Structures are given as structure tokens and as C-alpha cells.
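Inspection log for the structure reproduced underneath, given as C-alpha cells.
Here the structure is a predicted model, which means the values were calculated and not measured. In the text below, chain A, chain B and the rest are named by the order of the sequence lines, each starting its count at 1.
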2 protein chains.
Amino acid sequence: MKVSARSDTAQAAPLPVDLADGVFPAGCPSRTVLDHVTSKWGVLILLALSEGEQRWSDLRRRAEGISEKMLAQTLKTLERDGLVRRDAQPVIPPRVDYSLTDRGYELSALLVPLVAWAFENAEDIVNGQR
Amino acid sequence: MKVSARSDTAQAAPLPVDLADGVFPAGCPSRTVLDHVTSKWGVLILLALSEGEQRWSDLRRRAEGISEKMLAQTLKTLERDGLVRRDAQPVIPPRVDYSLTDRGYELSALLVPLVAWAFENAEDIVNGQR
DNA sequence: ACGGGCACTAACTTTCATGTGAGTACCTTA
DNA sequence: TAAGGTACTCACATGAAAGTTAGTGCCCGT
């Protein structure tokens, strides 16, 4: 799990060929998807929903600092991308539940370790600007 | 208010407690780190370097569409974050090699599957905008 | 009856990431 | 002599992302 290595021998892992060919060219769809997923609020919403279905107002409170506009926009994008499912119940007061689709869970499974890593290393990185 | 996912196959995976507490608050360092890492060009550079040491001009050609300014800026940020190592040789013509630090390799190990996923699912996602 | 919560939308503004184009200083090859 | 490669920096422009403010219609508690 650890890359045990001296600095000058850290391992170069060659990328899968199709990835190397596909991601680097400008204008490939993966860049768009990556942009949605890695947007400032996209990550947070995906992460929050990975814990299970949640309501609009729950998400609003959870992703501290998000505006209603950005919440709506982010959810719409993720829904269009087939990562989030929207379930609006015709009750009063309105109740809308958001959850991840299967594809969304696939993604969040990859996102969680990344965010965990960022969280664990954040202090070191921000402090140690050497 | 524990909620359970209602989907047939997708499961709600609770986040580690410290992560849940740490990432959502506004202004936490992990957001900054995540921003650097998931910036438009940050991902590409990290990915390119995960294959091994590369020169400035190699990177420029590799990350198709990047401007010199953005390449310099991105590399500087990643270097300050301790993810990229810069090795300038005092030769003429100038030769500067960039490579990942151990921490950089740790990150790229998490980044690669994410990008691979994005690449594999990109077409489906972009096409299926119903 | 008044403020508040709910789930939004629309219009407008600001901020910031990114793009553009130029310049630097040296050397090699044609 | 000129063109081109190497690794940059700087000033300025632009455009997309994000923030701000307001408004909608309904209901519930006090």
C-alpha cells in the first residue's frame, strides 16, 4: 500500500495505454466529466450522498457554505450525468430526496479515498510550504 | 435521522467520522488541497508524471492544449505542495526535470483509477443526457 | 397574521482560473 | 544570418464559476 521508496527511486507506474491516449488530448469527454466531478461542490455533494439518501435542506446544511444556487446547479449537473437520482414527492410541504445512482456509487467509491488522503495530508501540505 | 438507500444494488457507505467532520466545514485545508489537485491541469500533470520523470517541454507536449503560463503555474503549485520535485541542471541549453515526490506518487495512485473511471464512463455520460 | 421552513428559479455581479501574446537570454543547426 | 529550441516571466484580456439578492407558493406553529 505504501510506496516505500527513496526519493530518487520512486516508482514510475506506466498508465494503461488507452488512458494515456485518451485523457491527454484536448476536448475529450473525460475532461468534461472530470470537471463536473471535481468541481468545488461536486465532490462534497457526491461525498455527502455516499452516506445515503438525503433531502435538499439536509445537503444545504451539510455542505457548509454552499449557496442555494450552487446546490441546485450542482445537483442538476450530477443528475444529468446520471450520478444522482432525484425523487420529488408531491406532498406539502415539498419533499425531495436525492441519492446516488449505481454509477454514482461507483464514482464515490473512488472519490472517498482521494478525499480522505487530501484530508489527512492537508495540514502537512499547507503548513510545509518549503 | 439515519436514512437508508433505497436502491436495489447500491449501498450507502458511511464515511469515516473524521472525514465527515473534517471535509464539509468551509475553509478547511483539505478543500484547498483538493482544489490544487483537481484543477484542470493539475490532474493531467500529475498523471503524466506518474509515468516517470519528464522535462518541461515533454510535459508541454503531453498535456495537449496547456499554455506555457499554466504549465509553469501548475508545476509551481504542485511543487509548493510537495507533490512534484523540480531538478534544474545548470547546463546550456537549460534542462529541467520534473518528477513526483513520494507523496505525489501516493496521490497519483488514487488519481489514476478515478481518471480511468472518468475515461471509461465519459461517453455514456455525455451521450446519455436525456 | 407573522415569521419561518421547504424547494426551488432568475437576474445580476464579482472573483478567479485560465488564455493570449509578448519578451528574455543563451545556444545549436542550417 | 536567421530560425528554432530550451525554460521561463510578465502584463493584460476573457470567460466560466461562484456569490448575492430577490422572489415564488404553499403550509405550520405561535
Side-chain angles (χ1 to χ4, degrees), chain A residues 24-29 31-46 48-49 53-81 84-99, chain B residues 1 3 24-28 31-46 48-49 53-81 84-99 126:
Chain A
F24 293 106
C28 68
R31 292 234 188 139
T32 308
V33 175
L34 236 29
D35 277 357
H36 295 176
V37 163
T38 64
S39 72
K40 176 167 183 184
W41 300 111
V43 194
L44 277 297
I45 297 302
L46 254 6
L49 288 177
E53 193 171 65
Q54 267 160 90
R55 301 182 61 174
W56 165 277
S57 42
D58 294 334
L59 289 170
R60 182 154 172 39
R61 279 183 288 263
R62 195 75 202 275
E64 217 177 273
I66 197 171
S67 66
E68 301 203 321
K69 178 198 154 181
M70 287 317 295
L71 180 53
Q73 202 180 98
T74 305
L75 284 169
K76 241 178 221 166
T77 304
L78 296 177
E79 200 196 341
R80 252 205 318 270
D81 287 353
V84 163
R85 185 183 307 118
R86 182 177 181 276
D87 178 27
Q89 284 148 258
V91 296
I92 275 163
R95 178 186 179 102
V96 184
D97 290 319
Y98 291 93
S99 53
Chain B
M1 307 175 198
V3 216
F24 292 106
C28 68
R31 294 232 188 139
T32 309
V33 175
L34 236 28
D35 276 359
H36 294 174
V37 163
T38 64
S39 71
K40 176 168 183 182
W41 300 110
V43 194
L44 277 297
I45 297 302
L46 253 7
L49 287 177
E53 191 171 66
Q54 267 159 91
R55 303 183 60 174
W56 163 277
S57 43
D58 293 334
L59 289 169
R60 182 156 173 37
R61 279 183 287 265
R62 194 74 202 276
E64 217 176 274
I66 198 173
S67 66
E68 302 203 322
K69 179 196 155 183
M70 287 317 296
L71 180 53
Q73 203 180 98
T74 305
L75 284 170
K76 242 179 221 165
T77 304
L78 296 177
E79 199 196 342
R80 254 204 318 271
D81 287 352
V84 162
R85 184 184 307 116
R86 180 175 181 277
D87 178 28
Q89 285 149 258
V91 297
I92 275 161
R95 178 189 179 103
V96 184
D97 289 319
Y98 290 94
S99 53
V126 173

Whole-Å distance separating the CD1 atom of A:Ile92 from the P atom of D:dT24
18 Å

A:Arg60 vs C:dA7: side-chain N/O to OP1/OP2 distance below 4.0 Å
no

In whole angstroms, the gap separating P of C:dA7 from CZ of A:Arg95 amounts to 8 Å

Rounding to an integer number of Å, can you tell me how far B:Arg61 CZ sits from D:dG4 C1'?
13 Å

Between atom CZ in A:Arg55 and atom P in C:dC6, what is the gap in whole Å?
7 Å

Short question: side chain of B:Arg31, backbone of B:Phe24 - any donor-acceptor pair under 3.5 Å?
yes

Below 4.0 angstrom from OP1 or OP2 of D:dG5, is there any side-chain N or O of B:Ser57?
no

To the nearest Å, give me how far apart CG (B:Leu59) and C1' (D:dT6) are.
14 Å

Measure CZ/A:Arg31 against P/D:dA16 and give the value in whole Å, please.
16 Å

Per-nt protein contacts along nucleotides 10-20 of chain C (heavy atom under 4.0 Å; B base, S backbone sugar-phosphate only, - none) come out as -B------BBB

Go through the structure and list residues passing side chain to side chain donor-acceptor pair (under 3.5 Å) with B:Asp97, not counting sequence neighbours.
B:Arg95

Could you state the atom-to-atom distance from CZ of A:Arg86 to P of C:dC6 in whole Å?
16 Å

Shortest side-chain distance from B:Pro94, nucleotide among D:dA7, C:dC27, D:dT9:
D:dA7

I need the A:Trp41 CH2 to A:Thr74 OG1 distance, nearest 0.5 Å.
8.5 Å

By nearest nucleotide on DNA chain D, pick out whichever of A:Asp35 and A:Pro93 is the more 5' one.
A:Asp35

